[in-house]
Each structure stands twice: as C-alpha cells, then as structure tokens.
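Residue numbers start from 1 in every chain, and the chains themselves are labelled A, B, ... in the order their sequence lines are given, proteins ahead of strands. Side chains included, hydrogens not; waters and symmetry mates left out as well; all remaining heavy atoms used.
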Amino acid sequence: MINFKQEIANKIAEVIQLEKEELENYLEAPKDAKNGDYAFPCFRLAKELRKSPQQIAQEIKENIKIDTNVLEKVEVIGGYLNFYVNKECITKEVLEEIEKEEYGKSEIGKGKNIVIDYSSPNIAKPFHIGHLRSTVIGGSLYNIYKQLGYNTIGINHLGDYGTQFGKLIEGYKLWGKEYDIEKEPINELTKIYIRINQACKEDETILNQCRDNFKKLEEGDSYCVEIWEKFKTLSLKEFQKVYDLLGTKFDSWNGEAFYSDKMPEVIEILEKTGKLIESQGAKIIDLEEQGINTPCIIEKSNGSSTYATRDLAAILYRARTYNYDKALYLTSYEQVLHFKQVFEVAKLLGIDDKYIKGLQHIPFGMVLLPTGKMSTREGNVVKLEELLTEAIERAEKIIEEKNPNLEDKKEIAKKVGIGAVIFNDLSNSRVKDEIFEWDQILNFQGETGPYIQYTYVRTKSVLEKVGYLPKAKEIKKEKLFDEYSQNIIKLIYSFEDILIQVTQKEEPSILSRYLIDVAKAFSSFYNENKIITEDIDIQNARVFLTYSVGKILKLGASLLGIEMPNKM
RNA sequence: GGGUCAGUAGCUCAGUUGGAUAGAGCACAGGCCUUCUAAGCCUGGGGUCCGGGGUUCGAAUCCCUGCUGGCUCACCA
C-alpha cells in the first residue's frame, strides 16, 4: 500500500532542508479529523528560519508539489500544515489490499529469530489467575511477531526445579500417605506444600532437610527423581486442561530442570573470568560496579544451583540452539531485579554481543485480590480453570436470555466467555496491576471481548443475508466517501502500523484498543447506514466494507488468542 | 533506608519522538427495535492530569523536588 507519511515527507523534503526520515518523525496524526489526516507542525522550525510558524507553513504550502491523486489538499491552520489524503486513493488501496488472501502478513521480521519465554507456571502449584497474564500476553506477542514474519519460538519455561521440590519431596515423605495425589494432584500437593512451608517456618532443620532434598534431586538420587517425575507428569496433565481452554501452544516445554546438566559449563565459564568469587560459603558475582548492589548467587553454599544459574544456562542454550535476535521474558515485575542481574552476568558468558542486546525482560503488573496479594502458601488463590469455567457459564446464561434458539450454544459460550477473559487481560497496559473482580472481568458490555465478537457476528450476518461478495475493483469508491465509511477505511489502513507498534512496545493492549476502535467505527456506520439497500452500487460498496471489517476483526482477535463465533 | 514502577472523571483506564478544545468504557439521566442481531447506537452532566518548581513558542507527557502506593534489596522462583 502507499505509505502516505513517507509520501508527504518526500514532498516536504523537496521544499525545505531536512532529512526525509526526520520529517517523517515530525509528522503526526491530528486528533480531530477535520484537521486532516497528517499534520506537520512548523513551530520547531521557527527559530532556525526566523519566521513565524504560520509563515513557514504558508511558504511550504505554496512551494510544495503534491500529487492530487494521492493527497487531496494541503491547508495551513495556525502553525500547522495539514494534509488530507485523497479518499479515492486510500479507499482503493485499502479495499484491494484486504481482498488478498494473505492480507495482513508482513515480511518485516523475515530472517529474524525471536524467543519468547512465557506462561512458565510452577509444577505442583495451582495454575491461578496470576499466571493468566504471562500466558496471554506472551501468547499474543508470539502470534503478532509471527504475523510480521519473524521466526518465533515459544517456550514454556516450567518452574519444575528448585528448593520448592525439596520441600514437596520432604512433605511427601512425611505425610504422603494422608493425601490422594492421584485423584486431585495439584490440590493435594498444594496442601502438602502449605503444610511443609509451615513446618519449615517453625523448624530450620526441616528447611535444611528440604534444601538437601533438592541437592539430591540435582545429583540424580533415584528416590527423589522418581517422586519429582511423578509430580511433574500429574501437574502437566492439569495444566494442559487450561492451555486447551485458552488455546495456548508452545514450541518447547523445556523447563528449569532441562538445564540441570548445562549448568556446570556456565560455572566453568564464569570461573575462568575470575569474577566468580566466594562469599559466605556461596559462589557469587558481585555487581556493585554495574550499579546493582545485590550480588548474583551462582551456587549456593550447599553446592546446589539457583534460578539465576539456570537462566544463564538457558541463555547459552537458546543462543546456540535458536540463534535468537531477541529473547523476551514475560514475568511479573517482581522479577525485575533478577533479570537485571542475570542479563548483567550474561555479558561474562562470552557469547556474541547480539545475544546480550537481544535479552529483554517484559514485566507486567500483578493480579491482586480485593483483599490483597494471592499466595499459594496462604491458600487464597483463584484458579484459572475456575475463572474460565465461570466465564463460560455466565456467557451461556446470557445466550439463554438473548438468543435461546442458537445452535451450538456450548461452543459459542466457550468462545465468548474465554474471549472476554483474554480480552480483559490484554486491554490494559502491561505494567498496571489488576484487581480481580468477577463482575469486571466477566463484564460483557462496553469495551470488551464480546463487543468485538458481537460486531464481527453482525458483519457475518449481513454478508450471509446478502449472499455474495463483490470484487474490490468493481466497487464505486465514491460511495464510501462519507465520514463513517472513511473512518473505517483509515483504521484498516493503519493495521500493520498497529502491529509494529505492539512489537516496539511489547504491548498487546495497543491491538486490543485498536480492535475496539474498529468495532466502534463499524457500529456507528451500521447504525447510520442501511447496508442492504435498493441502490446496488451503494450496497456493493457497503457490503465490501462490511466484509473488510469482519476480516480485520477476526484476524486481530486471533492474534490476541481470541476465537470468533459466527453467531451469538 | 537504597533501587524501581506507578498516581488522569465517582470506578476501571486511553492519551503515539512534547503539539491544536485532555478522551473512552462502567455507573448515572434521557432518547432509539414493524428495518442488516439493542451484547448495539445517539445525547447529557461530570477534571487541581498527586502537590511544587524548572526547561520550551508549547508540558498530562521531559528535568528537579516533595507526597502517596506497589514491587524489590544473597542462598524462593
């Protein structure tokens, strides 16, 4: 498609002494559509040129040679130079583009590898609503990078190692017979976990026993390994239920334990740098010089490994295996210091600078209960499966009220309920905390997932009734010059730009909000205009526009991990 | 205490390298279904953009400072 911004920058560059790239950056989109589609503020040139901004704008306007087939007109308002896109041109561009099978695909990321580390729940602990964010934010970034042509690798870096397993093994040893682990694995294991944590608090020797268990596990002790494997298998089976509901997929399930045999190399490399020093019996890297006053512990005083060491081994492995250009880590902001430390120590691994630069922690806010923070140990968590089931039930109820004769109610309720939950999580900025309120998350009105789905269903319904789809070439573009249609056209035009913005900020909410804008624009259009009408030219044009909106909504939603029903 | 993130309408939040009159949704009040799905559309009231300085032609946005809150600060992950 024509890049209007570039076009304008090129034209302005012919008139004044500034680089095209710089000009392109200066160009902005006016908030109010009556001020045009692109604006060039001349204020910053005023001092340099010793003229008033209005005068500069006026002079550029007089000298600039615009192609009226691309840009309709240029106007000076205040110190702004406002450009109006030619409606015929943008309408033609958008409609013919969207008709293509491959619409929305891009080549920007071609040849680039991106590793995304997301979801990563802890084995033997409940998969609760706190894990939703990593799972859906990571999942949507995965989809969006892929859409832009990147080679994307999704990794579920399972929390399947560490002292917590030493604790579970200890608890199982002590009271395993009292719990029916086969029947309700995670619930029962959680009870053991809570109980052993309590015991550790009361008695340090038990805590040390747990640490020792983990050491044994790392050393391959057959009893410990056997129990650990059992816990892992049972947990994964439960997690899979949630992933199936959410439609989440991974390319790799290599968790922390996978790096068990890859850590000695890390320690060896670090030893050679001379920076690995002993302190209080542990092996650490001091990061004071780097402005981090907490050292990174590489090996505990009892000789067992840490989370940091495993992450370092993972960096080494991922650099070699995936040759990544970018490696994203999706976790809550509780871990910012950890990743700061690990990325700093990674510089000592002797890997190409590209791999260091590519490391990026993407922190997000926490899900809090109205009463405060959730904690597995305290036992006050809302399980994700519970939330999703509740969402589906509520959706089903609403369908029963509004559209009781619908076929496949169950299937649709699933799409709507889960869509609502996913959209809710992806519609706010990552860094913000989220207070969990059932009525807010499962609200189906206003700026929500169901609103997007409902709008999509309306487009489907119209198209079904019409029964045909005209060709973009045959459409009389001038039938779409009204304000409502043009709003939609302009939004569709910016789709790829939106995806790029998402990857620049690692912020899927930009896409969520965009989809709301599209749905709103269509709803207004739909309310204002009859699509099926006597005038066949108008009908064809509007039908095609309706089809375009449906296509964008469906594609956009699928990138967020949300499925569209055809009816609801 | 150090580091770090945040503070915008009654509530939940948008606000693009600084740009034109600070915007949505929820809630509230009203209007719109004999018509392509009312999970919708339209209209309305609502603001010390946490306070105070500074930079700038221009600040919700950048800098300094204070206040409030979250997270974090060596053998959890």
Point to revise | Nearest-Å distance for atom pair CE/P, residues A:M564 and B:A39 | key: 17 Å
Exercise for review: Could you tell me whether A:E334 and A:K373 make a salt bridge, using a distance below 4.0 angstrom between a side-chain N and a carboxylate O?
Suggested key: yes
Review point. When all nucleic acid strands are considered with a 4.0 Å heavy-atom cut-off, which category describes A:V466: base, sugar-phosphate, or nothing?
Key: nothing
**Study point:** Selected nucleotide, minimal atom distance to A:E334 side chain, candidates B:C57, B:U72, B:G7
**Key:** B:U72
Exercise for review: Name the pairing partner of B:C26, where a pair is Watson-Crick or G-U wobble with both distances under 3.5 Å, or state none.
Suggested key: B:G10
**Study point:** Aro-ring/base stack A:Y451-B:A39, d under 5.5 Å, angle under 30°
**Key:** no
Check your understanding: To the nearest Å, how far apart are A:N82 CG and B:A20 C1'?
Key -> 9 Å
Review point. Does A:K520 make a side-chain N or O approach to OP1 or OP2 of B:G40 shorter than 4.0 Å?
Key: no
Check your understanding: In whole angstrom, what separates A:I435's CD1 from B:C11's P?
Key -> 12 Å
Review point. If you measure from the P atom in B:C36 to the same atom in B:C49, how many Å do you get, rounded?
Key: 48 Å
Point to revise | Integer angstrom distance from the P of B:A38 to that of B:C32 | key: 15 Å
Exercise for review: Determine the contact category for A:K432: base if any of its heavy atoms lies under 4.0 Å from a base atom, sugar-phosphate if only primed atoms, P, OP1 or OP2 are that close, otherwise nothing.
Suggested key: sugar-phosphate
Review point. For B:U4, which nucleotide in any strand shown is its Watson-Crick or wobble partner with both distances under 3.5 Å?
Key: B:G70
Check your understanding: When the C1' atoms of B:C11 and B:A27 are considered, how many whole Å apart are they?
Key -> 8 Å
**Study point:** A:R394 and A:D439 ion-paired at < 4.0 Å
**Key:** yes
Check your understanding: For A:F444 and A:C42, take the nucleotide of RNA chain B holding the closest heavy atom to each; which residue's nucleotide lies nearer the 5' end?
Key -> A:C42
Check your understanding: So what's B:U34 paired with, Watson-Crick or G-U wobble, going by both distances under 3.5 Å?
Key -> none
Point to revise | Options B:U37, B:A20, B:C36, nucleotide nearest the side-chain atoms of A:V457 | key: B:U37
Practice item. Could you check A:N443 against A:V431 and say which one's nearest nucleotide on RNA chain B is further toward the 5' end? Key: A:V431
**Study point:** Rounded C1' spacing from B:G44 to B:U48 in Å
**Key:** 24 Å
Practice item. May I ask you to evaluate whether A:K567 reaches the phosphate of B:C36, defined as a side-chain N or O under 4.0 Å from OP1 or OP2? Key: no
Exercise for review: Answer with yes or no after comparing the ring centroid distance for A:F343 and A:H361 against a 6.0 Å cut-off, counting only values under it.
Suggested key: no
Check your understanding: Are A:Y80 and B:G19 stacked, counting the six-membered base ring, centres under 5.5 Å, planes under 30°?
Key -> no
Check your understanding: Within this structure, what is the CD-to-P distance between A:Q335 and B:U4, rounded to whole angstrom?
Key -> 19 Å
Check your understanding: Is there a donor N/O on one and an acceptor N/O on the other, under 3.5 Å, for the side chain of A:K34 and the base of B:U21?
Key -> yes
Practice item. Considering just the side-chain nitrogens and oxygens of A:T331, establish if one lies under 4.0 Å of OP1 or OP2 belonging to B:A77. Key: no
Review point. Taking NZ, NE, NH1 and NH2 as the nitrogens, is one of them in A:K340 or A:E344 under 4.0 Å from a carboxylate oxygen of the other?
Key: no
Check your understanding: How many Å lie between CD on A:Q453 and C1' on B:U37, as a whole number?
Key -> 14 Å
Exercise for review: For A:N25, answer base if it contacts any base atom (sugar-phosphate contacts may also be present), sugar-phosphate if it contacts only those atoms, and nothing otherwise; contact means non-hydrogen atoms under 4.0 Å.
Suggested key: base
Check your understanding: Ignoring hydrogens and angles, does a donor from either the side chain of A:D160 or the base of B:A77 sit under 3.5 Å from an acceptor on the other?
Key -> no
Exercise for review: Taking only the side-chain nitrogens and oxygens of A:T306, find out if one of them lies under 4.0 Å from OP1 or OP2 of B:C76.
Suggested key: no
Practice item. Would you confirm whether the ring centroid of A:Y80 sits within less than 6.0 angstrom of the ring centroid of A:F43? Key: yes
Check your understanding: Hey, does the side chain of A:Y454 come within less than 4.0 Å of B:A39's phosphate (OP1/OP2), counting only N and O?
Key -> yes
Review point. Among B:A39, B:A77, B:U37, which nucleotide sits nearest the side chain of A:R458?
Key: B:U37
Point to revise | Pair listing, ring pair (Phe, Tyr, Trp, His ring centres under 6.0 Å) test, anchored in residues 447-467 of chain A, at least two apart | key: none
**Study point:** Gap in Å between the two P atoms, one belonging to B:A60 and one to B:U17, rounded
**Key:** 14 Å
Point to revise | Assigned partner base of B:C57, Watson-Crick or wobble definition, under 3.5 Å | key: B:G19
Review point. What integer number of Å spans the C1' atoms of B:G46 and B:A29?
Key: 12 Å
Check your understanding: Does A:E563 pair with A:K414 as a salt bridge, N-O distance under 4.0 Å?
Key -> no
**Study point:** Sorted by number, the residues of residues 278-288 of chain A with heavy-atom contact under 4.0 Å to RNA chain B
**Key:** A:S279, A:Q280, A:A282, A:I284
Check your understanding: Below 4.0 angstrom, N of the basic side chain to O of the carboxylate: do A:K460 and A:E464 qualify?
Key -> no
Exercise for review: Could you tell me whether A:T294 contacts a base, only the sugar-phosphate backbone, or nothing, with contacts defined as non-hydrogen atoms closer than 4.0 Å?
Suggested key: sugar-phosphate
Exercise for review: For B:C41, decide between syn and anti, treating a glycosidic angle within 90° of 0 as syn.
Suggested key: anti
Practice item. Respond yes when some side-chain nitrogen or oxygen of A:R542 is under 4.0 Å from OP1 or OP2 of B:C36, and no when none is. Key: no
